[in-house]
Amino acid sequence: MDGDTFVTKDGFIMNTFGYEHPDDRVFAFLKYIPAQFKGLFNVEMLTRTWKFGTSELTNQLFRAEKLYTAKNYQTFIEAFRKTFPNYLYYDQTRGKELITAPLDAIEQVFVPKDRLVWLQNLPNPDGLQKTALNLIDLISKESGVDCTDLGIHGSIALDMHAPESDIDFVVYGTENFRLMEEAIQRLVNAAKLSYIAGNRIEAARKFQGKYLGKIFMYNATRKPDEVTAKFGDYTYTPLEPVRFAATVCSDAETMYRPATYKISSYQPQDDQSELNLDKIPVQIVSNIGCYRNVARTGQQVKAAGTLEKVQNTRDGAAFYQVVVGTATSEEEYIWPT
C-alpha cells in the first residue's frame with residue numbers, strides 16, 4: 001500500500017507510491033541511499049546521516065535534501081539506469097519510465113500498522129518512542145479511531161530515529177482520517193497539541209503539529225476495500241501543460257497519495273488556450289504529497305499541471321484530468337484561494 005517502506009538487497013530504503021502496481025514490482029520513491037552509492041546520485045544531500053540495522057550496506061545512509069522535485073527524480077532515474085537498471089520500468093499505461101523496485105529485490109518490508117504493534121510491544125521504549133505511543137493513544141481516544149486503524153511511519157518505524165526525530169503516523173481509511181482531523185482540532189483548541197504552519201499549504205492541510213515539544217505529522221492510507229482500480233485498468237496520455245482556476249466539488253479522496261480533487265467551474269488562466277469544451281478536466285490528481293488535503297468541497301483553487309486523457313482499457317470510456325507532479329516541470333502546484 002502507499003507509504004509502506006521497504007529495504008532492498010542493495011541497501012536502498014524506499015517508500016511505496018500509490019496502490020496500483022505491475023505484477024512483478026512496485027512503484028516507489030527513493031528515501032535513503034547507502035553511503036557507498038551516494039556518489040552515484042548527483043543531488044544535494046542532507047548533512048545528517050542515518051543508520052539502519054547491522055548490515056554493512058545500511059551502516060550509513062544519506063537522504064536527498066529535496067526528495068520530490070522533478071529535477072531530482074530525473075537525476076535518480078539516470079543514476080539507476082547506469083548502475084541499477086532493474087529498478088527502472090517503462091510504464092506503457094503512461095508512456096514513461098518510472099522508478100520501481102522488483103519484488104525479488106525487496107528484502108524487508110515495514111507496514112505502518114504492523115510497526116505500531118511492534119512499538120506497543122517493546123519492553124523498554126526510549127523517550128521518543130514513549131512520546132509517540134502517548135500521542136497516538138491520546139488521539140485515538142479523542143477521535144474514537146481504534147489503534148488497529150493507525151500506524152507508525154518514518155524513522156521510528158525503522159528503529160533508526162534520533163531524539164530529535166519527528167513522530168510520523170498513519171491513519172487508515174477516509175472516515176477515520178476525517179475523525180482524526182476533527183479530534184486533533186479539538187486537542188489544539190484545548191491546548192494539548194499545537195499546529196505548525198510555516199506556509200499557506202501547511203496552514204491549509206493542518207497535518208503537522210507539536211506535542212510535548214516534539215513535531216508530529218500524519219497522513220492517510222487507503223484501506224484495502226477503498227482500492228477500486230488495478231494496474232492496467234486505465235491508460236494516461238499527456239496533452240499539454242495548463243494553468244487554471246477551479247472549484248473543488250468533492251474532497252472525498254484528497255487526503256491520499258495520489259490525491260484526487262473532483263472539480264467544476266474550470267477556467268484557464270493567463271495566456272492559456274481558449275476553453276475547449278471537449279477537454280474540460282473533471283479532476284486534479286496530485287502525485288506530490290504536500291498537495292494532499294489542501295482544499296475542501298466548495299473552495300476555489302489555482303493549479304498548474306499537465307492535462308491528460310484517461311481511457312478505460314475495458315470499455316473505452318474516457319475523461320480528462322490534470323496531473324500535478326509529473327516529474328517534468330517544477331511549475332506544478334495546487335494553491336487554495
Side-chain angles (χ1 to χ4, degrees), residues 1-4 16-19 111-113 116 132-154 166-197 199-211 215-229 246-264 282-301 303 324 334-337:
M1 304 293 269
D2 181 69
D4 288 352
T16 306
F17 178 85
Y19 303 87
V111 177
K113 64 178 181 178
L116 178 55
L133 288 169
N134 290 339
L135 172 63
I136 289 171
D137 184 61
L138 173 68
I139 297 176
S140 173
K141 288 177 178 175
E142 179 66 31
S143 65
V145 176
D146 194 89
C147 282
T148 57
D149 283 327
L150 301 175
I152 194 75
H153 194 41
D166 301 337
I167 299 168
D168 188 351
F169 68 94
V170 175
V171 186
Y172 289 90
T174 306
E175 183 179 354
N176 286 339
F177 181 82
R178 293 306 185 201
L179 290 171
M180 187 69 62
E181 272 190 318
E182 294 168 2
I184 289 173
Q185 182 65 68
R186 291 194 297 271
L187 290 167
V188 169
N189 293 344
K192 294 180 179 179
L193 305 175
S194 61
Y195 288 125
I196 295 174
N199 56 51
R200 59 174 166 157
I201 290 296
E202 291 177 359
R205 288 190 67 192
K206 295 182 176 180
F207 80 114
Q208 191 174 41
K210 272 195 171 184
Y211 170 68
I215 295 173
F216 73 86
M217 59 193 70
Y218 69 104
N219 283 298
T221 297
R222 294 181 188 273
K223 289 186 172 184
D225 61 3
E226 293 175 321
V227 180
T228 57
T247 301
V248 176
C249 59
S250 173
D251 59 16
E253 298 180 290
T254 61
M255 69 287 291
Y256 297 119
R257 184 180 53 201
T260 301
Y261 296 78
K262 301 293 185 182
I263 58 171
S264 62
V282 298
Q283 62 188 29
I284 308 168
V285 175
S286 176
N287 295 327
I288 302 175
C290 74
Y291 295 125
R292 284 177 281 190
N293 203 42
V294 299
R296 299 298 179 86
T297 299
Q299 278 190 273
Q300 289 202 330
V301 293
V324 175
I334 304 171
W335 296 117
T337 60

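Position 1 is the first residue of the sequence, and the numbers go up from there. Keep in mind that this is a model prediction, so the values were computed, not measured. We use all heavy atoms of the structure for the numbers below, so side chains are in, but hydrogens, waters and symmetry mates are not.
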Check: Does the side-chain contact (heavy atoms from CB on, under 4.5 Å) test come out yes or no for Arg178 and Asp251, once each step is laid out?
Finding: CA-CA 11 Å; Arg178 293 306 185 201; Asp251 59 16; 3.7 Å; yes
Rounded distance (nearest 0.5 Å) linking atom [atom1] of [X] with atom [atom2] of [Y]:
X      : Y      : atom1 : atom2 : value
Ser194 : Ile184 : OG    : CD1   : 11.5 Å
Lys113 : Ile152 : NZ    : CD1   : 15.5 Å
Ile284 : Ile263 : CD1   : CD1   : 4.5 Å
Leu150 : Ile139 : CG    : CD1   : 8.5 Å
Ile167 : Gln208 : CD1   : CD    : 12.0 Å

Tell me whether [X] contacts the main-chain N or O of [Y] through its side chain, where contact means a donor paired with an acceptor under 3.5 Å.
X      : Y      : result
Tyr261 : Val294 : yes
Thr337 : Gln300 : yes
Asp146 : Thr148 : yes
Asp2   : Gly18  : yes

Please report the shortest heavy-atom distance between [X] and [Y], naming the atom on each side.
X      : Y      : value
Ser140 : Val145 : OG-O, 2.6 Å
Phe216 : Lys210 : CE2-N, 3.4 Å
Thr16  : Met1   : CB-O, 3.4 Å
Pro336 : Ile334 : CD-O, 3.8 Å
Cys147 : Ile136 : SG-CG2, 4.1 Å
Thr297 : Cys249 : CG2-O, 3.6 Å

Item checked: Parallel, tilted or perpendicular: rings of Tyr256 and Tyr19 (30°, 60°) ->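 Because their plane-to-plane angle is over 60°, the rings of Tyr19 and Tyr256 count as perpendicular.
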Check: Taking only residues two or more places apart in sequence or in another chain, which ones pass side chain to side chain contact (heavy atoms under 4.5 Å, CB included) with Glu182?
Finding: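 Per chain and number, Glu182 pairs via side chain to side chain contact (heavy atoms under 4.5 Å, CB included) with Leu179, Arg186.
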Item checked: Residues which pass side chain to side chain contact (heavy atoms under 4.5 Å, CB included) with Ser250, listed by chain and number, not counting sequence neighbours ->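 With sequence neighbours excluded, Ser250 shows a side chain to side chain contact (heavy atoms under 4.5 Å, CB included) to Ala252, Lys262, given in chain and number order.
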Margin query: Between Thr174 and Glu253, do the side chains contain a donor N or O and an acceptor N or O under 3.5 Å apart?
Written below: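 There is no such pair between these side chains.
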Can you list everything that forms a salt bridge (charged side-chain N to carboxylate O under 4.0 Å, His left out) with [X]? Sequence neighbours excluded, please.
X      : value
Glu202 : none
Lys223 : Asp149
Lys141 : Asp137
Arg296 : Glu181

Check: In terms of heavy-atom contacts, does CD of Glu175 have more than 12 from other residues, nucleotides or ligands at under 6.0 Å?
Finding: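 Open: at most 12 neighbouring heavy atoms sit under 6.0 Å from CD of Glu175.
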Next item on the list: Go through the steps for Thr221 and Val171 under the test side-chain contact (heavy atoms from CB on, under 4.5 Å), then give the verdict.
Entry: CA-CA 6 Å; Thr221 297; Val171 186; over 6 Å; no
Next item on the list: Using the side chain to side chain donor-acceptor pair (under 3.5 Å) rule, pick out the option among His153, Arg205, Arg257 that qualifies with Asn219.
Entry: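 It is Arg205; the other options fail the test.
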Note to self: Under the criterion side-chain contact (heavy atoms from CB on, under 4.5 Å), I'd like the reasoning laid out for Ile196 against Met217: C-alpha separation, chi angles, the key distance, then a yes or no.
What the structure shows: CA-CA 10 Å; Ile196 295 174; Met217 59 193 70; over 6 Å; no
Next item on the list: May I have the step-by-step check of side chain to side chain donor-acceptor pair (under 3.5 Å) for Tyr172 and Glu226, ending in yes or no?
Entry: CA-CA 10 Å; Tyr172 289 90; Glu226 293 175 321; over 6 Å; no
Notebook entry, point to check: Can you name the one residue among Tyr218, Phe207, Tyr211, Phe177 that meets ring pair (Phe, Tyr, Trp, His ring centres under 6.0 Å) with Phe169?
Noted result: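 Single ring pair (Phe, Tyr, Trp, His ring centres under 6.0 Å) partner of Phe169 among Tyr218, Phe207, Tyr211, Phe177: Tyr218.
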